[in-house]
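Take a look at the structure below.
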Amino acid sequence: MRRLVIFRDRQTVIRDISLKPGLNIIWTPDMSSSGALAHGSGKTTFCRLLRACLGEQGFATKGQRERLVSHLPDGFFAAEVLIDGVCWVAVRSLGMSGNDYVAQVDSIEEVIERGHQPGDHKVIDPLVISSFFSVFQEDPLPEVGLDRTWDIFRAWLTRDQECRLADILAWRSSRTQTHSRAQELGQKAKLAMVRLALRALDPQERAAATREQELKDAIEAELRLRAYQKRRYEEDLKAVRQALGVGDDVGFEDAIDQKGLLSLAKAKLADAMRGSVSKAPDITSIFARRDELEEEHRALTEERQKLDTEATIKREKATGLRSEADLGEIDISQGKVKVCPVCRIRVDDALAKGCGISLEPCDLSARRAEITDQLTQAETLDGEATVAEQKAQQIKVQIQELAPRRRVLKKDAEAAQKAIQAASVMTEEAQTRVYEARRTLDDVRSLHAATPALRSGASSNPEMEKVREQLDAGRRRAQGAIKMLEDKYQAIMTAWLPAGVTGLVRLDGHGLEVDAEFSGRGEVSTAALDSLKIVAFDLAALHMAAEEKADLPAFLIHDSPREADLDGRLYERLFELVSQWEKVSGTPAFQYIVTTTTAPPPELQGAPYTRLEMRSTPSEQRLFRVDL
């Protein structure tokens, strides 16, 4: 990274920071030399801006981004990144997003002049991947994928300050809101990526590792199944013992002093099958008698209704006939005046003057005979109605006489129905007892058959043993690259720490570990020394990348790597070590950017090593020259 420029807008530059190959120090003096707090000047933000130009999505937390938008709505930043001698300028917005791009130009000024053009890259990741990670293009790690390769290695080579160098694989903290895949990737996958980059993982071992994971998944699935089967076995065995009314001390086979579960289950089934089944009563005759009686009652009721209807009709006819006879009698004789029944004219007038209506003479005798006949018919109908009523009354008596018999038969039928239901219930209960006893016996037999398999331990897996042998062989093959890494690590620790220290790098089934042992004291672990080990590990990987013995860019950023209890003089030797490395190499083939609050050695303060000096107060000396 050759240069980083921060703009307030297209015409106003806030910072223009030049960087160089080799050692680059970003220094914020602490209170011992400046009287101001060494925190809050912008060291970590500076590192995150570099990371953003290298393709990282989030260069600030949500709150920080909102403050930047508020103070620098038109602000942006750009970096000149040299990849294999070709300059690419990455432009990122500080304010509103949507104008980020990467262009192949010679300087930031040129990209500002030309602006964003069609064909520019969105991010720099594909360019870095194609230049440094050809081995991953052929066979990328499935958990990562080729397009995320630089995202993972960028996290390693530009660790979060929030991770505090806690572990060689602790690269990104979720608190920084970088949206990096590295904070989601498992330790195993990250270790595989590191080993691939250090050329300490070959295809055979990768295939064996994939197969090992498949076998582990299968074994875990089998163990879960066995645990489930064992739990079900215990629950079913408990249920069987409860069904047989025995305690946990009763086993399957007979003992000298007690029957076993198999014998008890067989005896329970035999008892259930011997149980009496209630026979349902024969109610056919009861229902037949009831049906006959109901049929008789229906027939009598119909006959009575028929007679009542007949009597009513005849009485009504008799009444009608009497009404007609009475009317005729009135017509014939109204007092002493004779009236023609046809025209209602007095007979005397009709006889004297002649009838103007009828051509036939009035026949009073015939009319009287008709009236007499009507009265006779009425009497006959009344008599027949009386006879019908008498018969209906007799049938009513017969129907009433049927009532007690009907009630008795109804009670008998109800009692018979209840007896049938009771017999059905008893039969069902007996069948249920047989079914439950048979099921208990089947369960006991099944549990007895399953007991040996459940009591046996987990079976050995010859294929897993073979795969692990292949993994061990792969790690042995990797020892050449690990030994080279250990040599670099040992050289750094020897130059950095007091005499008598031994640096160790171990690769085994548990992972990749770095240690430091002091002569006569063994391994020593403190927060300061642990962070120092990780810094040395990163520098050793950087050294291998510079010598093209690792598939990595020879680029590294450490954000304030000093722990509070790390001796100041010891910390100074870090800067001296890297600067000596730079001098010895002539034209440095690496770039190491480090931020610090502790003063570098006097000879490294200022150009060309100290590239930027900031302070927390006044605000003009902060990274953005404003109080955010």
Side-chain angles (χ1 to χ4, degrees), residues 211-290 409-468:
R211 183 56 184 156
E212 181 195 36
Q213 188 59 50
E214 292 173 352
L215 292 174
K216 280 184 177 180
D217 293 342
I219 291 171
E220 288 176 1
E222 181 183 357
L223 291 175
R224 288 194 297 271
L225 178 61
R226 288 176 63 85
Y228 169 76
Q229 290 174 337
K230 183 177 180 182
R231 184 172 67 254
R232 286 294 305 273
Y233 174 86
E234 293 171 349
E235 292 173 353
D236 292 346
L237 185 58
K238 182 179 180 180
V240 161
R241 283 174 170 149
Q242 288 178 344
L244 296 175
V246 297
D248 296 344
D249 59 324
V250 178
F252 290 99
E253 305 293 345
D254 293 343
I256 296 177
D257 56 342
Q258 62 183 0
K259 292 286 186 180
L261 296 176
L262 287 167
S263 296
L264 291 172
K266 292 176 182 177
K268 183 175 181 179
L269 176 60
D271 290 343
M273 296 181 69
R274 284 195 300 269
S276 61
V277 178
S278 177
K279 185 177 180 181
D282 184 8
I283 61 171
T284 305
S285 60
I286 296 175
F287 286 133
R289 293 198 308 274
R290 186 190 66 179
L409 280 173
K410 183 179 179 181
K411 289 182 179 179
D412 290 347
E414 290 176 350
Q417 191 66 41
K418 289 181 180 178
I420 290 174
Q421 292 174 351
S424 177
V425 170
M426 293 179 65
T427 300
E428 185 176 348
E429 290 176 349
Q431 292 174 343
T432 300
R433 287 194 296 273
V434 172
Y435 167 75
E436 290 179 347
R438 190 181 302 279
R439 188 181 65 180
T440 299
L441 179 57
D442 291 342
D443 290 345
V444 169
R445 286 170 173 166
S446 298
L447 291 168
H448 186 231
T451 300
L454 286 172
R455 286 179 177 173
S456 64
S459 59
S460 61
N461 191 320
E463 186 179 0
M464 176 64 84
E465 295 172 3
K466 182 178 179 181
V467 165
R468 286 176 174 163

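Listed by chain and number, the residues in a salt bridge (Lys or Arg N to Asp or Glu O under 4.0 Å) with Glu436 amount to none (sequence neighbours excluded). Qualifying side-chain contact (heavy atoms from CB on, under 4.5 Å) partners for Glu414, counting only residues two or more places apart in sequence or in other chains: Lys410. By the salt bridge (Lys or Arg N to Asp or Glu O under 4.0 Å) test, Lys216 is found to be paired with Glu212, residues two or more places apart in sequence or in another chain being considered. Scored by the side-chain contact (heavy atoms from CB on, under 4.5 Å) test, Glu429 finds Val425, Arg433 as partners (sequence neighbours excluded). Residues passing the side-chain contact (heavy atoms from CB on, under 4.5 Å) test with Ala227: none are found, sequence neighbours excluded. Under the rule for a salt bridge (Lys or Arg N to Asp or Glu O under 4.0 Å), the partners of Glu463 that lie at least two apart in sequence or sit in another chain are Arg211. Residues passing the side-chain hydrogen bond (donor to acceptor under 3.5 Å, both in side chains) test with Asp217, sequence neighbours excluded: Gln213. Taking Tyr233 as the reference, nothing meets the ring pair (Phe, Tyr, Trp, His ring centres under 6.0 Å) condition, with sequence neighbours excluded.
To the nearest 0.5 angstrom, Leu223 atom CG is 7.5 Å from Glu220 atom CD. How far CD of Gln431 is from OG1 of Thr427: 6.5 Å, rounded to the nearest 0.5 Å. Here the CG-CD distance, from Leu447 to Glu234, works out to 11.0 Å after rounding to the nearest 0.5 Å. Rounding to the nearest 0.5 angstrom, the gap separating the CD atom in Glu222 from the CZ atom in Arg224 is 11.0 Å. Interatomic distance, CG of Leu269 versus CG of Leu264, reported as 13.0 Å (0.5 Å rounding).
For residues 213-232, there are no ring pair (Phe, Tyr, Trp, His ring centres under 6.0 Å) pairs, not counting sequence neighbours. Applying the side-chain hydrogen bond (donor to acceptor under 3.5 Å, both in side chains) test to pairs two or more places apart or on separate chains, those with a residue in residues 440-449 are Glu253-His448. Each salt bridge (charged side-chain N to carboxylate O under 4.0 Å, His left out) pair with one or both residues in residues 259-272, not counting sequence neighbours, appears once here: Asp271-Arg274.
Atom CD of Glu428 is surrounded by 12 or fewer heavy atoms from other residues, nucleotides or ligands within 6.0 Å. In this structure, Arg289 places its CZ atom where more than 12 heavy-atom neighbours from other residues, nucleotides or ligands lie under 6.0 Å away.
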Could you tabulate the donor-acceptor pairs under 3.5 Å formed by side-chain atoms of residues 235-252, not counting sequence neighbours?
residue: Arg241; atom: NE; partner: Val250; partner atom: O; Å: 3.2
residue: Arg241; atom: NH2; partner: Asp248; partner atom: O; Å: 3.3
residue: Arg241; atom: NH2; partner: Val250; partner atom: O; Å: 2.8

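Pro452 and Ala449 get closest at one heavy-atom pair: CD-O, 3.4 Å.
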